[in-house]
Every structure is written in structure tokens, then in C-alpha cells.
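What's counted below: heavy atoms across the whole structure, side chains too, no hydrogens, waters or symmetry copies.
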Amino acid sequence: MPSPKQDTIPVACPQCGHVQHEPRTAYSTVCKRCRTHVRIEEVLRPAAPKPKPTYDLKRIRCFQCGTDLDVPVAAESTMCKRCSSHVDLRDYQVTQTLSKNFRTHGRLVIEEKGYVLNTDSFVGDAVVKGRLIGKLTAARTLEIHSSASIKGSFTAERLILPAGNHFRWPEALRVGGAEIAGELVATLQSAGTVLLRSTARFFGDVQAANLVVESGAVFVGAARVGRVLI
């Protein structure tokens, strides 16, 4: 009596591609062409591909052509996809005298002993505790401390004066928004929201699209709330 036909399945060797039939219940075999050991289950059910790693992104703008770019938060530099120019994303800390124009979407910190002079700089965020002579533009935030000495001009999307610090400026401050927790003596013009924290002491006039004054804040001056053209 002839033996029953064995239930087989085609198995392709992952090494050389040779196809041979093996019993469905077999666990492994050896390729008849290249003699590679083959685990049948791994061939029939290959492991799922590993998911591509995901990165937190931030949006920046090319200094040269103005193109918006999405880059990983941890990146230190990138290249513009439109004009191929290099875009710096690094942070800088200044602790001594330096004459330099910074162009970075990272963070610039001028420490108390730091001195940046003859500068025309554009940065993502800035913290000024030391001396600055020149022009500074912060695309996101500019934090000013009592020890700061600024001669020139500056602007920021958001001005921050931390609690316990004071700052006086003789000209109108034109910013996107402001968060004041210390003492500020100035005329403030904001296209966004000015927030006076409970610890704030503000002496001067303010023009802003929105004004929020927390309980406990001191405000001496005039306020004009509504659309502001900066």
C-alpha cells in the first residue's frame, strides 16, 4: 500500500533563495543548495520590521532665504532644503569678553562676567546677565537679569524679567509679548500679551493687545489695551 502523500510547504532559503519543499510540521531544515541551516518558522513568519525611531521636532527658519524647516530638537545644525545654507542650532555660553555676531536658533547665555561687544546677533533664546553692546534679536525669548548692562537695541518674541530682578530702559520696548515678575521701569509696547506676575513692579506706560495683571502686582502708569502696531 503506497504511503500517504506528506503535507509539505515551499521554503525559500534566506541565504541563496533556493526553494525546496519541507513537511509542514518541520521546525528546521538544511538548504540543499548552499547547506545553510534554515529555521522554517522564521522564514514563513519573518520578524516584523523595527519601527523607525521618532524624534521631537521644532520649526525654525533659514537665516538666508527664510524657508521654514522642521528639525529634531536635539540637532546641533542642519542644512536648508531650499538654498543649502548651513543653519546653526547650537547653544552658546559667554563668560569672557567676545566680539562676535551670533547666528543660531539655539540659546545664547551671557553670564555676569561675559561681555559681548560690537555684535549684530540673531538667536533663538537669550539670557543676558552680563554686558552687551550692539543689536540682539531673539526669535523666541529674551530673559534679562539685574546684572545686565545693555547698550544698543534688542527685540524678542517674548521678554522675560524673572522675580527678584530689576531693569530700566529709557526707550520704548517693542516686543511680541512679555512676562514680568521683577521690577521694570520702561514704556512697553507689545503686539501680544503682557503678563504682570504677582511679584511684578511695573513703572511706565504699556500698550498691548492683552494685559493680564495678577493679584499683588504693582502697576504705576497708563495702559492701552487693543491692537498694537509694532
Can we say Glu214 and Arg197 salt-bridge, meaning some charged N sits less than 4.0 Å from an Asp/Glu carboxylate O?
yes
Sorted by chain and residue number, the ring-ring contact (aromatic ring centres under 6.0 Å, His included) partners of Phe167 (sequence neighbours excluded) come out as Trp169
Just so I know, are the side chains of Val38 and Glu22 near enough to count as touching, which here means a heavy-atom distance under 4.5 Å? no
CZ of Arg107 to CZ of Phe102, rounded to nearest 0.5 Å, is 14.0 Å
Query raised in the report: Do the side chains of Arg90 and Ser77 get nearer than 4.5 Å, heavy atoms only?
Result: no
| said: Counting only heavy atoms from other residues, nucleotides and ligands, does the tally under 6.0 Å from NE2 of His166 exceed 12? | reply: no
Rounded to the nearest 0.5 angstrom, the CZ-CG distance for Phe219 and Leu184 is 10.5 Å
### Task
Would you check, one step at a time, whether the test side-chain contact (heavy atoms from CB on, under 4.5 Å) holds for His18 with Cys34?
CA-CA 8 Å; His18 173 70; Cys34 68; over 6 Å; no
For residues 198-206, dump all side-chain donor-acceptor pairs below 3.5 Å to protein atoms at least two apart in sequence or in another chain.
{"from": "Thr199", "atom 1": "OG1", "to": "Ala181", "atom 2": "O", "distance (Å)": "2.6"}
{"from": "Arg201", "atom 1": "NE", "to": "Glu183", "atom 2": "OE1", "distance (Å)": "3.2"}
{"from": "Asp205", "atom 1": "OD1", "to": "Ala222", "atom 2": "N", "distance (Å)": "3.0"}

ask   = Between the main-chain N or O of His37 and the side-chain N or O of Gln15, is there a donor-acceptor pair closer than 3.5 Å?
value = no
*asked:* Between Ser85 and Cys62, is the side-chain contact (heavy atoms from CB on, under 4.5 Å) condition met? List the steps.
replied: CA-CA 8 Å; Ser85 63; Cys62 175; 3.3 Å; yes
Practice task
Before giving the answer on side-chain contact (heavy atoms from CB on, under 4.5 Å), spell out for Thr78 and Ile60 the whole-Å C-alpha distance, their side-chain angles and the decisive distance to 0.1 Å.
Solution key: CA-CA 10 Å; Thr78 189; Ile60 62 168; 4.1 Å; yes
Residues Cys13 and Thr36: closest non-hydrogen pair is SG-CB, 4.3 Å
Note: with side-chain heavy atoms under 4.5 Å as the link, the other cluster members for Val127 come out as Val109
One should read off an interatomic distance between Glu76 CD and Thr104 OG1, to the nearest 0.5 angstrom, of 9.5 Å
Side-chain heavy atoms nearer than 4.5 Å, only ILVMFWY residues, links allowed to pass through others: does that put Ile160 and Leu211 together?
no
### Query
Salt bridge between Arg103 and Asp88, side-chain N to carboxylate O under 4.0 Å?
no
Partner of Thr141 under side-chain contact (heavy atoms from CB on, under 4.5 Å), picked from Asp125, Val123, Leu159, Val175, is Asp125
Note: Cys80 and Leu69 closest approach over all heavy atoms is CA-CD1, 3.9 Å
Those residues at least two apart in sequence (or on a different chain) that pass side chain to side chain contact (heavy atoms under 4.5 Å, CB included) with Arg61 are Asp68
With sequence neighbours left out, the residues meeting salt bridge (Lys or Arg N to Asp or Glu O under 4.0 Å) with Arg168 are none
Is there side-chain contact between Arg59 and Leu57, with at least one heavy-atom pair below 4.5 Å?
no
Mind checking whether Tyr27 and Arg39 have side chains closer than 4.5 Å, heavy atoms only?
yes
Correct closest heavy-atom pair for Lys58 and His105 would be NZ-O, 4.3 Å
Rounded to the nearest 0.5 angstrom, the CG-NZ distance for Leu132 and Lys151 is 11.5 Å
Gly17 and Ala12 have their tightest heavy-atom pair at O-CB, 4.5 Å
Show which side-chain atoms of residues 94-101 pair as donor or acceptor with protein atoms under 3.5 Å away, not counting sequence neighbours.
{"from": "Ser99", "atom 1": "OG", "to": "Leu117", "atom 2": "O", "distance (Å)": "3.4"}
{"from": "Asn101", "atom 1": "OD1", "to": "Asp120", "atom 2": "N", "distance (Å)": "2.7"}

To the nearest 0.5 Å, atom CG of Leu161 lies from atom CG of Leu142 at 10.0 Å
message = Could you see if Ile133 belongs to whatever hydrophobic cluster contains Val128? Use Ile, Leu, Val, Met, Phe, Trp, Tyr and a side-chain cutoff under 4.5 Å.
response = no
Correct closest heavy-atom pair for Ser147 and Lys129 would be OG-O, 2.6 Å
Is there a path of hydrophobic side-chain contacts, each under 4.5 Å between heavy atoms of I, L, V, M, F, W or Y residues, that connects Ile144 with Leu173?
-> yes
Using modelled atom types and a 3.5 Å cut-off, is there a donor and acceptor pairing between side-chain atoms of Asp91 and backbone atoms of Gly106? no
Note to self: Hydrophobic clusters here meaning ILVMFWY residues chained together by side-chain heavy-atom distances under 4.5 Å, can you tell me if Val220 and Leu196 are in one?
What the structure shows: no
Tightest non-hydrogen contact, residues Ala75 and Leu89, listed as O-CB, 3.5 Å
**Asked** Counting only heavy atoms not in Arg158, do more than 12 fall under 6.0 Å of its CZ?
**Response** yes
* Asked: Are Phe122 and Phe154 grouped together when hydrophobic residues (ILVMFWY) are joined by side-chain heavy atoms under 4.5 angstrom apart?
  -> no
d(Ile150 CD1, Arg131 CZ) to nearest 0.5 Å is 12.0 Å
